[in-house]
A.B. asks: 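What follows is a structure written as structure tokens; I'll ask about it next.
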Amino acid sequence: NPEKANNARNDIIQECGDKNQNNLIFIRLDLGDLNTIDQFVAEYEQNQVINGKLDILIENAGVMSYPTFGTTKDGFERQFGINHMGHFY
């Protein structure tokens, strides 16, 4: 959710100060959709502020015990797709 991510970014800047706010970058990534992983990598590689350097990556990922069977956009069982395939794609 981009809105929540930007709210979290603003909270971090408020707590830590704005000295490095331009280095705190949000790039969308959905581990249940391999296409967004490709998009993340492309945006990361093109970002001139990052310039190939990554100090910290914060992901809010991981699922367990869905009450009903489901699949990712790529057809993997949801828990396996998000918790394993998305991380090692």
Side-chain angles (χ1 to χ4, degrees):
N1 179 323
E3 183 180 346
K4 286 183 179 181
N6 284 314
N7 288 341
R9 179 184 182 276
N10 292 336
D11 289 346
I12 293 168
I13 291 168
Q14 184 177 11
E15 185 69 27
C16 299
D18 61 0
K19 178 180 168 189
N20 290 306
Q21 71 177 341
N22 292 334
N23 296 326
L24 185 56
I25 299 165
F26 163 70
I27 303 174
R28 182 179 181 274
L29 173 63
D30 178 353
L31 294 174
D33 181 355
L34 299 181
N35 186 49
T36 70
I37 297 171
D38 291 332
Q39 292 171 357
F40 172 88
V41 171
E43 189 171 340
Y44 169 83
E45 289 176 343
Q46 293 172 4
N47 189 297
Q48 293 183 359
V49 173
I50 295 172
N51 196 26
K53 182 179 178 186
L54 179 66
D55 292 321
I56 299 172
L57 176 64
I58 301 172
E59 294 182 88
N60 182 14
V63 296
M64 188 170 170
S65 301
Y66 272 103
T68 58
F69 177 81
T71 60
T72 66
K73 289 187 178 186
D74 302 289
F76 300 111
E77 184 275 326
R78 198 170 7 195
Q79 184 171 326
F80 175 73
I82 294 170
N83 292 349
H84 183 76
M85 296 302 291
H87 287 88
F88 298 104
Y89 170 66

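Source: prediction; values computed, not measured. Keep in mind that the numbers below use all heavy atoms, side chains included, and drop hydrogens, waters and symmetry copies.
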A.B. asks: If you group Ile, Leu, Val, Met, Phe, Trp and Tyr by side-chain heavy-atom gaps below 4.5 Å, do Phe26 and Leu57 land in one group?
C.D. replies: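 Hydrophobic grouping puts Phe26 apart from Leu57.
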
A.B. asks: Looking at residues at least two apart in the chain, or sitting in another chain, which of them share a side chain to side chain contact (heavy atoms under 4.5 Å, CB included) with Asn20?
C.D. replies: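 Partners of Asn20 by the side chain to side chain contact (heavy atoms under 4.5 Å, CB included) criterion, ordered by chain and then number, come out as Asn23.
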
A.B. asks: Nearest 0.5 angstrom please: Gln46 CD to Asn51 CG, how far?
C.D. replies: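 Atom-to-atom, Gln46:CD and Asn51:CG are 13.0 Å apart.
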
A.B. asks: Is there a path of hydrophobic side-chain contacts, each under 4.5 Å between heavy atoms of I, L, V, M, F, W or Y residues, that connects Phe69 with Val63?
C.D. replies: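 Looking at the clustering, Val63 is in a separate group from Phe69.
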
A.B. asks: Show your reasoning for whether side chain to side chain contact (heavy atoms under 4.5 Å, CB included) applies to Val41 and Glu45.
C.D. replies: CA-CA 6 Å; Val41 171; Glu45 289 176 343; 3.7 Å; yes

A.B. asks: Does any N or O in the side chain of Asp74 come within less than 3.5 Å of the main-chain N or O of Phe76, such that one atom is a donor and the other an acceptor?
C.D. replies: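 No, the answer is negative, given that no donor and acceptor are paired below the 3.5 Å cut-off.
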
A.B. asks: Rounded to the nearest 0.5 Å, how far apart are CZ of Phe88 and CG of Leu31?
C.D. replies: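 Taking CZ in Phe88 and CG in Leu31, the distance rounds to 10.5 Å.
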
A.B. asks: Is the side chain of Asn10 donor-acceptor paired with the backbone N or O of Asn6 at a distance under 3.5 Å, no angle test?
C.D. replies: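 Flag set: sc Asn10 to bb Asn6 pair under 3.5 Å.
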
A.B. asks: Can you see which heavy atom on Asn47 is nearest to which on Val49, and at what distance?
C.D. replies: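 Minimum heavy-atom separation between Asn47 and Val49: OD1-N, 2.8 Å.
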
A.B. asks: Listed by chain and number, what are the side chain to side chain donor-acceptor pair (under 3.5 Å) partners of Tyr89, not counting sequence neighbours?
C.D. replies: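 Tyr89 satisfies side chain to side chain donor-acceptor pair (under 3.5 Å) with Asp38 only.
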
A.B. asks: Working to the nearest 0.5 Å, report the span between CG of Leu34 and OG1 of Thr72.
C.D. replies: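 Reported value, rounded in 0.5 Å steps: 6.5 Å.
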
A.B. asks: If I compare all heavy atoms of Ile50 with all of Ile27, which pair ends up nearest, and what's the gap?
C.D. replies: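 Heavy-atom minimum between the residues: CD1-CD1, 4.0 Å.
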
A.B. asks: Test the Arg78-Tyr66 pair against the cation-pi criterion, namely NZ or CZ under 6.0 angstrom from the six-membered ring centroid and within 45° of the ring axis.
C.D. replies: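 The answer is yes; both the distance and angle limits are met.
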
A.B. asks: Could you measure the distance from the CG atom of Asp11 to the NZ atom of Lys4? Nearest 0.5 Å is fine.
C.D. replies: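 Here the rounded value is 13.0 Å.
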
A.B. asks: List, by chain and number, the other hydrophobic cluster members for Ile12, where Ile, Leu, Val, Met, Phe, Trp and Tyr join if side-chain heavy atoms come within less than 4.5 Å, directly or indirectly.
C.D. replies: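 The other cluster members (ILVMFWY side chains, heavy atoms under 4.5 Å, direct or chained) are Ile13, Leu24.
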
A.B. asks: To check you understand the geometry: which heavy-atom pair defines the closest contact between Asp30 and Ile37, and what is its length?
C.D. replies: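 Heavy atoms of Asp30 and Ile37 come nearest at O-CG1, 4.2 Å.
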
A.B. asks: Nearest heavy-atom pair of Arg9 and Gln21: which atoms, and what distance?
C.D. replies: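 Minimum heavy-atom separation between Arg9 and Gln21: NH2-O, 2.5 Å.
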
